[in-house]
Peer 1: 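Let me give you the structure first, and then I'll get to my questions.
Note that the numbering runs from 1 along the sequence shown for the chain. For ligands, and for the atoms within them, numbers begin at 1 and follow the listed sequence. Every value quoted in this text rests on a predicted model; they were computed, and no experiment measured them.
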Amino acid sequence: MTVLPSHVPADRVVDFDIYFPPGVEQDYHAAWLSLRSPARSLVWTPRNGGHWIATRGEDVRALWADAERLSSDVLAVPRGLGALMQFIPLQQDPPEHTPFRNAVMRGFASRFIVAIEPQVIGNARELIEGLAPRGQCDFVSDFAEILPIDIFLTLVDLPRADRPMLRGLGAQLTRPDGSMTVEQLRQAADDYLAPYVEERLARPGDDLLSRILSTPVDGRAWTMDEARRMCRNILFGGLDTVAAMMGFVALHLARHPADQQALRDDPGAIPDAVDELMRRYASVSVSRNCTQDVEIDGVVLKEGDIVYLPSVLHNLDPLSFDDPETVHFDRRLNATRHTTMGVGVHRCVGAGLARMEIIAVVREWLVRIPPFRLDPQRTVTMKGGNVGACVSLPLTWEV
Ligand code: HEM
């Protein structure tokens with residue numbers, strides 16, 4: 001716990017640990033909703049070094065979009081992780097951010113996403129076919145945390161033999177068991193990626209990293225240090241986020257047999273359904289560092305304060321969306337209206353890829369797995385933090 005700063009009014013103080021919100025093990029989204037109050041939006045928690053949290057949807061969105069007064073350099077609470085990760089482009093602010101972001105965006109251009117789709121489907125199919133005869137699985141450890149690793153290997157054209165090692169690292173990111181510190185995890189990822197990064201800088205191929213690294217930044221080549229920081233961002237950015245989203249989508253379908261059946265009956269409805277599920281089950285929250293004083297909701301966020309922005313509190317605010325907690329497959333929202341993938345200059349570069357992956361998973365799963373439900377003998381558990389997720393999601397079906 002920290003001393004309350006003098007500019008924080010006592011009536012804005014709450015005791016809320018973003019890593020362990022109350023009741024998170026049972027329901028990540030409900031745990032966050034417990035923080036809402038009609039009386040105020042911005043609250044201050046002394047946990048994790050002391051920081052603000054925006055709780056009203058419009059404030060979450062407005063602060064997230066404000067790259068002029070809020071920096072993404074800090075990465076997370078408590079301060080410290082930012083200096084360790086040094087992600088490119090995530091921790092850069094404009095104007096430095098812009099050329100790096102443009103190069104990364106070129107790598108994720110929609111024609112490459114379309115071109116890679118058959119391989120993603122192949123990766124998903126292979127895993128699902130292995131699970132189908134078992135009649136049960138833990139969707140998180142048996143599927144959701146494995147598929148994004150296989151897809152990363154495909155995207156970057158890395159050897160299949162590296163699967164087990166990278167799966168081990170991925171599991172440490174999604175379900176840390178305490179055997180590795182964050183420093184060790186970063187180092188292991190860097191050590192693994194370094195030879196491939198060097199190779200792709202020297203002799204670009206046709207893979208994602210080569211495409212990004214062969215795009216100059218401000219008219220010059222990427223340095224090795226920048227290339228490493230970018231690869232780290234792409235590796236860590238597309239693992240636990242995708243795994244979390246897949247988990248929530250599977251959880252919803254397991255709990256709502258009618259929705260499951262509707263998509264079995266009409267697979268053409270899957271893309272719109274996925275967009276809606278991605279809105280409903282937002283799981284990423286970001287931390288921003290105030291680079292100047294920001295007045296909002298009757299309080300002043302002082303230069304140097306950190307404000308925490310949970311996408312769940314934007315997407316589930318009735319002022320942002322009608323009947324926000326109910327899934328309506330026919331909502332047909334523009335995906336940039338919700339904040340699941342962020343908003344503003346840092347909006348997820350992998351958004352198109354992630355959407356394609358999740359659509360492919362839902363399609364392939366429903367074709368190969370008969371009606372499935374939660375395993376009544378075992379418990380669903382969830383976790384909080386910057387990427388909230390199911391930690392365990394036991395499913396069962398008839399074989
Ligand atoms: C459902 C899955 C995903 C979710 C929910 C998600 C969410 C987000 C969010 C909320 C941001 C903005 C962060 C901020 O403003 O601080 C972001 C940025 C980013 N994401 Fe994703 N992401 C997903 C998948 C991916 C994938 C598959 C990749 C790459 C393989 C990726 C790579 C990145 C990168 C590099 C950034 C930084 C962009 C920038 O700073 O300009 N993400 N993501």
Peer 1: Taking atom OH of Tyr19 as the centre, report whether more than 12 heavy atoms of other residues, nucleotides or ligands fall under 6.0 Å from it.
Peer 2: yes
Peer 1: Record the part of Phe108 in heavy-atom contact with ligand 1 below 4.0 Å; permitted values are side chain, backbone, both and neither.
Peer 2: side chain
Peer 1: Can you check whether Arg69 reaches Arg288 side chain to side chain, under 4.5 Å on heavy atoms?
Peer 2: no
Peer 1: Between His51 and Ile18, what is the shortest heavy-atom contact and its length?
Peer 2: CE1-CG2, 3.8 Å
Peer 1: N/O to N/O below 3.5 Å, does that happen between Trp64 and ligand 1?
Peer 2: yes
Peer 1: Tell me whether Ser283 has any N or O atom under 3.5 angstrom from an N or O of ligand 1.
Peer 2: no
Peer 1: Please determine if Lys302 and Asp305 form a salt bridge, counting it only when a charged side-chain N lies under 4.0 Å from a carboxylate O.
Peer 2: no
Peer 1: Of the protein's non-hydrogen atoms, which lies at the shortest distance from atom 13 (C) of ligand 1, and what is that distance?
Peer 2: Leu90 CD1, 3.6 Å
Peer 1: Using only atom types and a distance under 3.5 Å, with no angle test, would you say the side chain of Arg200 pairs donor to acceptor with the backbone of Val156?
Peer 2: yes
Peer 1: Measure the acute angle between the ring planes of Trp32 and Tyr28, then classify it against the limits of 30° and 60° as parallel, tilted or perpendicular.
Peer 2: perpendicular
Peer 1: Considering heavy atoms of the protein only, find what lies nearest to atom 42 (N) of ligand 1 and give residue, atom and distance to 0.1 Å.
Peer 2: Cys348 SG, 3.0 Å
Peer 1: So, 4.0 Å and heavy atoms of Asn233: is ligand 1 close enough to count as a contact?
Peer 2: yes
Peer 1: Would you call Glu398 and Arg134 a salt bridge, taking side-chain N to carboxylate O under 4.0 Å as the test?
Peer 2: no
Peer 1: Does any N/O atom on Thr340 come nearer than 3.5 Å to any N/O atom on ligand 1?
Peer 2: no
Peer 1: Identify the protein heavy atom lying closest to atom 40 (O) of ligand 1, giving its residue, its atom name and the separation to 0.1 Å.
Peer 2: His346 ND1, 2.6 Å
Peer 1: Heavy atoms only, cut-off 4.0 Å: how does Val343 contact ligand 1, side chain, backbone, both, or neither?
Peer 2: neither
Peer 1: Identify, by atom number and element, the atoms of ligand 1 in contact range of Ala354, meaning under 4.0 Å from any of its heavy atoms.
Peer 2: 1 (C), 2 (C), 24 (C)
Peer 1: Could you tell me whether Ser72 approaches ligand 1 through its side chain, its backbone, both or neither, with non-hydrogen atoms closer than 4.0 Å?
Peer 2: neither
Peer 1: Hey, is ligand 1 close enough to Val286 that some N/O pair sits below 3.5 Å?
Peer 2: no
Peer 1: So if I count the atoms of ligand 1 from 1 in the order they appear, which ones are less than 4.0 Å from some heavy atom of Gly342?
Peer 2: 10 (C)
Peer 1: Can you sort out which atoms of ligand 1 are near His97, meaning under 4.0 Å from one of its heavy atoms?
Peer 2: 39 (C), 40 (O), 41 (O)
Peer 1: Is the closest heavy atom of Val345 to ligand 1 under 4.0 Å?
Peer 2: yes
Peer 1: What is the closest protein heavy atom to atom 24 (C) of ligand 1, and at what distance does it sit?
Peer 2: Thr241 OG1, 3.5 Å
Peer 1: Between Asp297 and Arg40, does any NZ, NE, NH1 or NH2 come within less than 4.0 Å of an OD or OE carboxylate oxygen?
Peer 2: no
Peer 1: Which option wins on minimum heavy-atom distance to atom 4 (C) of ligand 1: Met245, Glu357, Met341?
Peer 2: Met341
Peer 1: Which heavy atom of the protein is the closest neighbour of atom 33 (C) of ligand 1, given with residue, atom name and distance?
Peer 2: Val349 CG2, 3.8 Å
Peer 1: From the options Arg355, Gln92, Arg101, Arg288, select the one whose nearest heavy atom is closest to atom 15 (O) of ligand 1.
Peer 2: Arg288
Peer 1: What's the shortest distance from atom 28 (C) of ligand 1 to any protein heavy atom, and which residue and atom give it?
Peer 2: Gly238 CA, 3.7 Å
Peer 1: Do Met224 and Leu201 have side chains that get closer than 4.5 Å, going by heavy atoms?
Peer 2: yes
Peer 1: Could you see which bit of Val242 sits under 4.0 Å from ligand 1, with heavy atoms only: side chain, backbone, both or neither?
Peer 2: both
Peer 1: Look at Arg355 together with Asp275 and state whether they make a salt bridge at an N to O cut-off of under 4.0 Å.
Peer 2: yes
Peer 1: Could you check whether any heavy atom of Gln91 sits closer than 4.0 Å to an atom of ligand 1, since that is the contact criterion I want to use?
Peer 2: no
Peer 1: Cluster question for you: counting only ILVMFWY and a side-chain heavy-atom cut-off of under 4.5 Å, with indirect links fine, are Leu70 and Val300 together?
Peer 2: no
Peer 1: Between Arg337 and Glu276, does any side-chain N to carboxylate O distance fall below 4.0 Å?
Peer 2: no
Peer 1: I'd like to know whether Tyr281 forms a ring pair (Phe, Tyr, Trp, His ring centres under 6.0 Å) with His29, so could you lay out the CA-CA distance, the side-chain angles of the two residues, the decisive distance to 0.1 Å, and finally the verdict.
Peer 2: CA-CA 8 Å; Tyr281 296 100; His29 295 87; 5.5 Å; yes
